[in-house]
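Comments concern the structure below.
Naming convention: chains lettered A, B, ... in sequence-line order (proteins, then strands); numbering from 1 in each chain.
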4 protein chains.
Amino acid sequence: MSTKLKAALLGASGYTGADLLRLGVLHPQLEFTALTANTHAGKPLGAVFPHLDGLGLPQLQQTDDMNWDEFDVVFCGLPHATSQAIIAEIVENHDRPRIIDMSADYRLRDPDSYQKWYGNKHIAPHLQQKAAYGLSEHYRDEIKEARIIACPGCYPTAALLALIPLAKAKVVDAADIVIDAKSGVSGAGRGLKQNTLFAEAGESLSPYAVASHRHSAELDQEISLAAGQDVVVGFTPHLIPMSRGELVTCHLKLAEGHTATDVRERLKASYDNEPFVQILEDGVFPSTNMVRGSNLCKINVFEDRIPGRVIVIATLDNLVKGSAGQAIQNFNIAFGLEETTGLQQVALFP
Amino acid sequence: MSTKLKAALLGASGYTGADLLRLGVLHPQLEFTALTANTHAGKPLGAVFPHLDGLGLPQLQQTDDMNWDEFDVVFCGLPHATSQAIIAEIVENHDRPRIIDMSADYRLRDPDSYQKWYGNKHIAPHLQQKAAYGLSEHYRDEIKEARIIACPGCYPTAALLALIPLAKAKVVDAADIVIDAKSGVSGAGRGLKQNTLFAEAGESLSPYAVASHRHSAELDQEISLAAGQDVVVGFTPHLIPMSRGELVTCHLKLAEGHTATDVRERLKASYDNEPFVQILEDGVFPSTNMVRGSNLCKINVFEDRIPGRVIVIATLDNLVKGSAGQAIQNFNIAFGLEETTGLQQVALFP
Amino acid sequence: MSTKLKAALLGASGYTGADLLRLGVLHPQLEFTALTANTHAGKPLGAVFPHLDGLGLPQLQQTDDMNWDEFDVVFCGLPHATSQAIIAEIVENHDRPRIIDMSADYRLRDPDSYQKWYGNKHIAPHLQQKAAYGLSEHYRDEIKEARIIACPGCYPTAALLALIPLAKAKVVDAADIVIDAKSGVSGAGRGLKQNTLFAEAGESLSPYAVASHRHSAELDQEISLAAGQDVVVGFTPHLIPMSRGELVTCHLKLAEGHTATDVRERLKASYDNEPFVQILEDGVFPSTNMVRGSNLCKINVFEDRIPGRVIVIATLDNLVKGSAGQAIQNFNIAFGLEETTGLQQVALFP
Amino acid sequence: MSTKLKAALLGASGYTGADLLRLGVLHPQLEFTALTANTHAGKPLGAVFPHLDGLGLPQLQQTDDMNWDEFDVVFCGLPHATSQAIIAEIVENHDRPRIIDMSADYRLRDPDSYQKWYGNKHIAPHLQQKAAYGLSEHYRDEIKEARIIACPGCYPTAALLALIPLAKAKVVDAADIVIDAKSGVSGAGRGLKQNTLFAEAGESLSPYAVASHRHSAELDQEISLAAGQDVVVGFTPHLIPMSRGELVTCHLKLAEGHTATDVRERLKASYDNEPFVQILEDGVFPSTNMVRGSNLCKINVFEDRIPGRVIVIATLDNLVKGSAGQAIQNFNIAFGLEETTGLQQVALFP
């Protein structure tokens, strides 16, 4: 008996959409019955993503042609600003489906913050406030209930998994959080930009959006909430010559009376029973090739040379735990399925 | 009820061994109950391959400590020359397990050829001749019955999938087969060599073992058999700055009266119902990123500019269809399981 | 006393233009007094190419604003089709400067061939026929005299350096020349294309333009001329995940009575005194990292396994000997300077 | 008239040695008359570094066979611990040559610090204290006079160029310096290590030696000196999948009353007339591909999101300004030559 839940994917021509399909086609309770990609409507998926050819997935269509009532769930991989109107339309005019949004449009609870960082006024601020922030390990209860699940950005996923337990427990000083982040090039998407050409990004390394990256808004929001105080984090991302993978190096000040050991124990306690978050053994360096293609986040803690400081490093695959994998994890939570279903792929190495 | 078949993996510290585990842990009818790696015996697998940590696999042990009767199947990922003695010992002194060998030791039926190419006399030439050559699509009957299944080399897998149907049908001239092959660096293994250092192999490209690569022996053997004539193939491999992936560009002379269309039709007819071999649509260029991490081989046919010539290009992942994936495919065949079991991973892109 | 020759560079926002400047600023007898890049006119060069910032080069301007009589030489790095009109205008209406064109517009002597391969009718076929084909080592006399020097494409430079001496001496069969070529991604230029994005081209390998690449026209033209017979070559290029570098693997049939040794000796004799073309010692594999950033072409000869066949492999940096370096070499020849002036940069490795 | 200074290079089989030769052969006043590489003695240089073939350099020999009195200068590219004895022997028993050491052996003035970080007692602590620390821009007077010039490590060169002026001027808090550093793989040298294999380091990113890297000792020494107080810096290096290039992201606390603008002005004032250190224009992100192959260090300053903090980012080529290039710069200073001689190579991009 087929008990598969019917899903649509909006934005199937982007990398996160593609990775959702890579994982989703092996999920035993999920069936993609519609895929949209406006500029490619009418094409088979394999024309846009040859690696997804031959999997029996539907051809690409326009978003306008969708009958929302046919779906149990809509995954949204559209760019920010595009998502908000479609999602609002669905939620306000249809009883189903539930929405799992991989864009930024419903992540921020404060409409002013959204407008400041994303440059336009949100059209549905009331929905924005009701969406669950889809950081699976920290928002399970909300995800179970929410109509809209707003999956976090890739950097915030890594950084918040490392920082929320520490901010909550006040073992580090929330006012002095420096996140030095590094990402592979797929994080910039499939759009054509000079700086993501192979000949430009290859054999090179550079910071970008220093102190001005939009993910800062989510980081501030969630760490403030965890710490119970208004926090502004330092966030400096770098572009790394690899396709996938992300690593955040958090340079932190210990709260008075705390040690690196406390930090480690706090993280271990928080994630002890989590299938996708692992605190590495003492001294092991997290590396993106431990997690490539998998839904894992691996974290470790190092004493700094500067007395009273600690370094916490987290790594994940930006397209999986940082986006499509976490979206499926949230789908599993939302629909009461075993949380690891469809997410047991082992990391691809080398 | 556990109906899992018990497996040992010999040589779990190499890349092919690791990839066998990556795939194998998700195979519902396969259970690895022993892993060997002599120089790392006593260590947990995660100490050698961090991406395989936490999967519940047994720790590494010495080959000498194995009780062969406990296993249904032994996968052998040892270097050539090392494999032959262990395998002979098992086969001659034990009723089980069956052997799926990823080394070169049982691929060649002619002991002289083995000695010429591998530099030492084979210790069990009688077994060599009884082993099945594990090119799944072309040797299913033999694989079903054989005690020893000798999985082909990565290059031969790609080239033979493209060439055997053509040689058999005599649509190309078997005496004039030029294979220009390209492989990612993982093909050279995990051993320490200067030319596979990142700073040496990165941002560079070079041929190697021109007209002297050991895979030539398999290519000659199998194409001669298919063509019904003694064949010596041209084989020029190149090292490409990527970790995984392989592509062979076969420059071929059409047999009198034949066309590129005949070649395409012959290949389509041969692989029409095959789950892992796909002839691409006319004009589509095979690319290693269509198959990375998957068990697929994708092939296409192009008319050459030189009248009477044709170009056939095949791509696969050297560690999967070129080694560990094909080993599992052969395991499925050998034990009467659905051939695609455990092999439905979608290619990882980007 | 300044005896520098005054140069303009048209198309300073492309990779070949940039590499001409990288080399040219250190040339003691060359001074760039104007740079054009229409879409970037008015910007400093460093805004377009940060690595060329601070070298004292002029800012970018429109081509329309140039006073051609001010220059001794114009280097043209514009796309094909754009070049022909500007060059024709200069040559027909001005006594100077001389033109060194890195585009394809004046490479082909046959207007029909140009129209067939480049899709438009050439506006100045009479000039096309008078241009020198700028393969420095083989056309020095013509280069010395010509008003227009049409530098060869990157692939033809590598392939023709390997093949012209062999075709002329008839040691190989010109009717059976198979060129399997590999290039880094910079060969595709700085324009925005999906297939040259890092996340697409990285960790991947694919053929492209199989049997339909425009460089085929030059190859046919020059090999036909050398061989004294109409030749159609096989030419299959591949895109390799590296920024720079090119390698052509020529699979050749020996002419009756000839051996690989003859091939080697012919090449050695041809290039014995050439500063930029080197026949490697027997058995050494050419590698792009031997030549990266330099004006060198390195070649070697290997006996094929197929009796009567030979493999000749040549490597160069597509942006240097394959374009900008050869342009400067031709400039030196054209103006009677020491041919190696400004071209003595050692390859950058690693 | 040849007035070239005669040089020996000890350790010509490592990457820094090779890059010294790449640059040095074009230096008009420098002539390498001896190259050592003990394990390769007797071989031509091209057998070890094919890209250096054909440059007329001497063949490799044993260090024991050297007659030190023949040289004006000895460049030492040996591993630490090996260098100290040879250098001490030369200095104590010969009036010439002068020594430019690229190893760590003479960088630290405190013998206890050397022993702590490098694990063995220094054999010539009296010489260690007399050596000049070869950070060219900050130690010119000492370099002019010194018998031994100890070139800084690659990371310290980048970090100290950014930090010394700030520590001296007390515009930042020297007690709270967090350096998040990133390096290409060539920084790990040419020795065979598993983690620098292409298949391991490629498409991956990881921290290493967190809070325990030996370059910390130099950083502490020099920043303490500049700041006039005992300083312990935070230093977290990361391995990046590229061959060359290095970037340090310094997360700093402004001293009371100071701003990011003060930091920028201080750096601009310090390096205004320096040929090799450039403060980028406001908002431009430093990138390793601006400096690859050149002797440049490019720096920029960014206001942090956290009030009272600032981010200073510096990039250089680890093998050039981070080692061999700075060695030649020091040679020029030491011998009274124009400081930029032989170092005007433009960065190689792409």
Side-chain angles (χ1 to χ4, degrees), chain A residues 175-178 180 182-184 195 197-213 216 219-220 231-236 238-247 249 251 253 283 285-290 292 300 302-307 309 311 313 315 348-350, chain D residues 175-178 180 182-184 195 197-213 216 219-220 231-236 238-247 249 251 253 283 285-290 292 300 302-307 309 311 313 315 348-350:
Chain A
D176 192 1
I177 292 177
V178 167
D180 192 292
K182 296 95 179 165
S183 174
N195 74 321
L197 291 177
F198 186 93
E200 308 275 326
E203 268 290 304
S204 189
L205 157 68
S206 62
Y208 68 100
V210 175
S212 62
H213 193 287
S216 305
L219 291 165
D220 286 359
V231 167
V232 173
V233 301
F235 181 58
T236 307
H238 299 75
L239 190 68
I240 304 295
M242 59 187 190
S243 287
R244 280 182 185 244
E246 203 159 275
L247 187 139
T249 308
H251 301 281
K253 191 171 165 186
F285 298 117
S287 168
T288 63
N289 66 17
M290 294 177 175
R292 183 167 50 232
N300 213 345
F302 301 88
E303 229 178 303
D304 199 348
R305 298 185 70 236
I306 305 179
R309 296 192 64 94
I311 301 158
I313 303 177
T315 189
L348 187 80
F349 171 82
Chain D
D176 192 0
I177 292 177
V178 168
D180 191 294
K182 296 95 179 166
S183 174
N195 72 323
L197 291 177
F198 186 93
E200 308 273 328
E203 268 290 305
S204 189
L205 157 67
S206 64
Y208 67 100
V210 175
S212 61
H213 192 287
S216 306
L219 290 166
D220 286 358
V231 167
V232 173
V233 300
F235 181 57
T236 308
H238 298 76
L239 190 66
I240 304 295
M242 60 186 189
S243 289
R244 282 182 185 243
E246 203 160 273
L247 186 138
T249 308
H251 300 281
K253 191 171 166 186
F285 298 118
S287 169
T288 63
N289 66 17
M290 294 177 175
R292 182 166 54 231
N300 213 347
F302 301 88
E303 229 177 302
D304 199 346
R305 296 187 72 237
I306 304 178
R309 296 192 63 95
I311 302 157
I313 304 177
T315 189
L348 188 79
F349 172 83

### Task
May I ask you to say whether D176(D) pairs ionically with K253(A), meaning some side-chain N is under 4.0 Å from a carboxylate O?
no

### Message
Measuring only between side-chain heavy atoms, which start at C-beta, is V210(D) closer than 4.5 Å to N300(A)?
### Response
no

### Query
Which answer fits T236(D), side chain, backbone, both or neither, if we ask what part of it has an atom under 4.5 Å from a heavy atom of chain A?
side chain

### Query
Which is it for H238(A) and D180(D) under the side-chain contact (heavy atoms from CB on, under 4.5 Å) test, yes or no, and what are the steps along the way?
CA-CA 11 Å; H238(A) 299 75; D180(D) 191 294; 5.5 Å; no

### Query
Taking V231(A), I313(A), T249(A) one by one, which has the highest count of heavy-atom pairs under 4.5 Å against chain D?
T249(A)

### Message
Show, in sequence, the C-alpha distance, side-chain angles and deciding distance for E203(D) and N289(A), and conclude whether the side-chain contact (heavy atoms from CB on, under 4.5 Å) test is met.
### Response
CA-CA 7 Å; E203(D) 268 290 305; N289(A) 66 17; over 6 Å; no

### Query
Between D220(D) and chain A, which part of the residue has a heavy atom less than 4.5 Å away: side chain, backbone, both or neither?
side chain

### Query
Can you name the side chain to side chain contact (heavy atoms under 4.5 Å, CB included) partners of T288(A), sequence neighbours left out?
M242(A), L247(A), T315(A), S204(D), L205(D)

### Query
Within a strict 4.5 Å, meaning less than it, do heavy atoms of the P207(A) and P286(D) side chains meet?
yes

### Task
Could you grab the distance from atom CG of L239(A) to atom CZ of F285(D), nearest 0.5 Å is fine?
11.5 Å

### Query
Top residue by heavy-atom pair count (under 4.5 Å) with chain A, among G283(D), A209(D), G184(D), S287(D)?
S287(D)

### Query
Would a 4.5 Å heavy-atom cut-off, applied to side chains only, mark R305(A) and S216(D) as touching?
yes

### Query
When rounded to the nearest 0.5 angstrom, what distance separates CD1 in I306(D) from CZ in F235(A)?
12.5 Å

### Query
So what's closer than 4.5 Å to chain A heavy atoms on I177(D): side chain, backbone, both or neither?
backbone

### Message
Counting heavy-atom pairs under 4.5 Å with chain D, which one of S243(A), P307(A), S212(A) comes out on top?
### Response
S243(A)

### Query
Which atoms of I311(D) come close to chain A, meaning under 4.5 Å heavy atom to heavy atom: side chain ones, backbone ones, both, or neither?
side chain

#### Entry: Toward chain A, the part of F198(D) with a non-hydrogen atom under 4.5 Å
neither

